[in-house]
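This one's a predicted model, so the numbers in the text were calculated from it and none came from an experiment. Chain letters run A, B, ... following the sequence lines, proteins first, then strands; residues in each count from 1.
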2 protein chains.
Amino acid sequence: MGRKRTKSGKIRLAEVAELAGVSPITASRFFRNPEALSVAKRTRVESAAKELGYVPNLAARALASQRTEVIGVLIPSLTNNVFSDVLRGIYDASEGSRYSIQLSNTRYSILQEEKLLRLFLAQKPAGLIVTGIDQTTESRAMLEAADCPIVQIMEIGPDPVDMMIGFSHYDAARAAVAHLFEQGRRKIGFVGARMDPRVQRRLDGYVSAMKDAALFEQRLVVTTATPTSVTLGGALFTDLLAREPNLDAVFCANDDLALGVLFECRRREIAVPEQIAIVGFNDLEFMASAVPTLTSVRTNRYEMGKTAATMLIEAIDGRRPEQPVLDLGFRVIERQSSSPRHSDSRPTVSGVGTANKMVALPSSHD
Amino acid sequence: MGRKRTKSGKIRLAEVAELAGVSPITASRFFRNPEALSVAKRTRVESAAKELGYVPNLAARALASQRTEVIGVLIPSLTNNVFSDVLRGIYDASEGSRYSIQLSNTRYSILQEEKLLRLFLAQKPAGLIVTGIDQTTESRAMLEAADCPIVQIMEIGPDPVDMMIGFSHYDAARAAVAHLFEQGRRKIGFVGARMDPRVQRRLDGYVSAMKDAALFEQRLVVTTATPTSVTLGGALFTDLLAREPNLDAVFCANDDLALGVLFECRRREIAVPEQIAIVGFNDLEFMASAVPTLTSVRTNRYEMGKTAATMLIEAIDGRRPEQPVLDLGFRVIERQSSSPRHSDSRPTVSGVGTANKMVALPSSHD
DNA sequence: AGGAACGTTGACAGCGCTACCAGCAACGAC
DNA sequence: GTCGTTGCTGGTAGCGCTGTCAACGTTCCT
């Protein structure tokens, strides 16, 4: 209510202070630490600000206070569904806080990341969210020298720069392969695209699980540096099939590839899961809807983004979390595409708890 | 080369100027308008800045110059593939320019949009990109009063605030229905979710095309305000089928719904396209890979974002485009899912030019 | 040769806000 | 009753940069 066009000159803090009958500095305090004011002045400033439609000048604030209220976010891709979920979480968490998000796209290049990091750091951000744990030495040094809280997201690993939230892609891949073993599969192929560090670790997990079972063969692995797509899934699967016609399962590094494999099976009239089982990664929405429904490894992407931003904001405000490293775990969602061979074809959308784990961390109470 | 930790005090413009042996103001000019300097001073300042690793303080610059180098972007959703493509275009175009992107998510709420707009405008952005043409009256007024260039994206309509880039969702839907008519389909259902203004206009286009052919029936339309998903596509289609068992085609308001319909057909053993044809909207990557391949209306999302940001930056720099309103058109990509009934089942991935159109605009040369 | 015009440079002031410190009143402890 | 102590408020002095305008040297024109 009471909105008015403020055409006659701009509304500065001084105007608010004047209307409220206090000094500018008191008005300033109202916006930064309202509790420090007496109740009388607080309400006076509040209503004055509202009446004038005052909006603080962020540039002046940043200049005077020598810090910004910007959270820098570096992610590898804007189009990948995985990151858009994470981003949504980050934006949701930042909303309502006084921090704004500055987003940049590294395009899966750690050199680009380094460049952007330098840019970001120069603006003295309040906090930083970076993707993954594979920064350049230079980036790592900059991050460690930065005097703001930092969260690394998407995966967990040894020696975090500061805070860290994610899960083990390696363990998740092992769990997926273990699930296929349980279903009696032996000739399990791996299909991967882009091969960024996280996909690489999924591959590592697959390889180790297969080796543990003495089932590993190099020709079961088909990968490419090409960006992922559904179509690519079909192509890689075709390649895989040519190398190993007796394949009985495919573990796909992501769900798009899995969908592509499913379509390719349909095109070739390969029965899923009777002939070949399919397991994806990420558990995008469509996996539960496909025919047959597709098994996948569920990851908590939205929660990851939201928690990362929340932790970061808490840390900026001086309340460091008691657990600086958070493993959000994963979960193999078993569906028809990896049912036993003589499946009755009924959905089996039951999450198993086995793979849902939390890594033990220092100082874990609560 | 020559990177060094600048630990001893911060590098300000004054330091650069001192090292270069010029006044601070000259150094300042170097960064804003290098041509105004003599070659000698220019090189001196340049090397001084490089040697000291000078990075301008944006807050101080914004405060002193009373303007920022921020482009505000308001989009309805972060997770929708459509917008992530647009966003990628925007970010790509902004890269290399001196402008940075400030992104906010309206969540399909025009009230939220109004709120964010107010916030953005208060920071005096260099330019603004907003989604669609359905702002609140208040938002519209703010946009018109804003003293920065503005681009409306995603669709075109009458009286733009400033610049506009998109296409006619109405025409695109009509073209999709016309294509189905050409294939001999008559009982064509419409499936839509979320029902934001653009989806609504697709529905309008569908309705008008059906009415033109005297084939419209209300029960052929199934919509919901629920956010879209593949699973929802199946559910809405189930609903539609219950209302009209003799359906021979479905026009889906987006590709996710179309994929859901395809899966549901498979579940019900409905032959596509023999029994029912499917047409989607947006032409996401997976459409070409599905079995059968899925017909869709291709839209130029990445280009839209990229062009919007490019136009905006040009306008900010004082070079207004000769064409303030740009129709990027669309194209019906015909695939198997809408082949004639007695299809030989071979792919027909041929784009037709018929639906690809450009609206006539004032002062169109070049 | 004198003056205008241009290109280049610098001095000054101030953008709107906050850090810092000082001041004042009210209160309790001794 | 005096002396901290606390809670609240205000004054002063910039934060680092740029807009404006004036001044300078040089060139070109008449």
### Query
Using a distance-only test with no angle check, is there a side-chain donor-acceptor pair under 3.5 angstrom linking A/R42 and A/S38?
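Absent: no donor and acceptor within the cut-off.
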Rounded off to whole Å, could you give me the [atom1]-to-[atom2] distance for the [X] and [N] pair?
{"X": "A/L37", "N": "C/dT18", "atom1": "CG", "atom2": "C1'", "answer": "14 Å"}
{"X": "A/F31", "N": "C/dT18", "atom1": "CZ", "atom2": "P", "answer": "9 Å"}
{"X": "B/E35", "N": "C/dC6", "atom1": "CD", "atom2": "P", "answer": "19 Å"}
{"X": "B/Y54", "N": "D/dC17", "atom1": "OH", "atom2": "C1'", "answer": "7 Å"}
{"X": "B/R32", "N": "D/dT20", "atom1": "CZ", "atom2": "C1'", "answer": "11 Å"}
{"X": "A/I11", "N": "C/dC15", "atom1": "CD1", "atom2": "P", "answer": "15 Å"}
{"X": "B/R61", "N": "C/dC17", "atom1": "CZ", "atom2": "C1'", "answer": "20 Å"}
{"X": "A/F30", "N": "D/dG10", "atom1": "CZ", "atom2": "P", "answer": "15 Å"}

Side-chain N or O of [X] less than 4.0 angstrom from OP1 or OP2 on [N]?
{"X": "B/S38", "N": "C/dT8", "answer": "no"}
{"X": "B/Q66", "N": "C/dG16", "answer": "yes"}
{"X": "A/R29", "N": "C/dC20", "answer": "no"}
{"X": "A/S23", "N": "D/dG10", "answer": "yes"}

### Query
Which is true for A/A36 with a 4.0 Å heavy-atom rule: it touches a base, it touches only sugar-phosphate, or it touches nothing?
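Sugar-phosphate, backbone atoms only, no base.
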### Task
Under 4.0 Å between any heavy atoms, over every strand shown, what does B/R67 touch: base, sugar-phosphate, or nothing? Just pick one.
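Sugar-phosphate, no base atom in range.
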### Query
Do any N or O atoms from the side chain of B/Q135 and from the backbone of B/E113 form a donor-acceptor pair under 3.5 angstrom?
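Side chain of B/Q135 to backbone of B/E113, a donor-acceptor pair under 3.5 Å: no, none is there.
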### Query
Is it true that a side-chain atom of A/E144 and a backbone atom of A/A141 form a donor plus acceptor pair closer than 3.5 Å?
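Checked: no pair found.
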### Task
Could you tell me which non-hydrogen atom of A/L312 sits nearest to which non-hydrogen atom of A/I150, and how far apart they are?
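Nearest pair, atom of A/L312 first, then A/I150: CD1-N, 3.9 Å.
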### Message
If I compare all heavy atoms of A/A126 with all of A/Y99, which pair ends up nearest, and what's the gap?
### Response
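Closest approach of A/A126 to A/Y99, heavy atoms only: CB-CE2, 3.7 Å.
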### Task
Find out whether B/K306 and B/R88 are in side-chain contact, i.e. whether some heavy atom of one side chain is under 4.5 Å from a heavy atom of the other.
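A side-chain contact is absent here, since even the closest heavy-atom pair is not under 4.5 Å.
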### Query
Between B/L63 and B/V22, who's closer to the 5' end of DNA chain C by nearest nucleotide?
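The residue closer to the strand's 5' end, by nearest nucleotide, is B/V22.
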### Message
Which is more 5' along DNA chain D, the nucleotide nearest A/T26 or the one nearest B/A64? Just name the residue.
### Response
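Mapping each residue to its closest nucleotide by heavy atoms, the 5'-most match is A/T26.
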### Task
With A/E69 as reference, evaluate A/R98, A/K124, A/R32 under the salt bridge (charged side-chain N to carboxylate O under 4.0 Å, His left out) test and give the passing residue.
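The single option meeting the salt bridge (charged side-chain N to carboxylate O under 4.0 Å, His left out) with A/E69 is A/R98.
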### Overall bend - the helix from C/dA1-D/dT30 to C/dC30-D/dG1, comparing terminal axes fitted on five pairs, nearest 10 degrees
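Comparing the first five pairs with the last five, the axes sit 30° apart.
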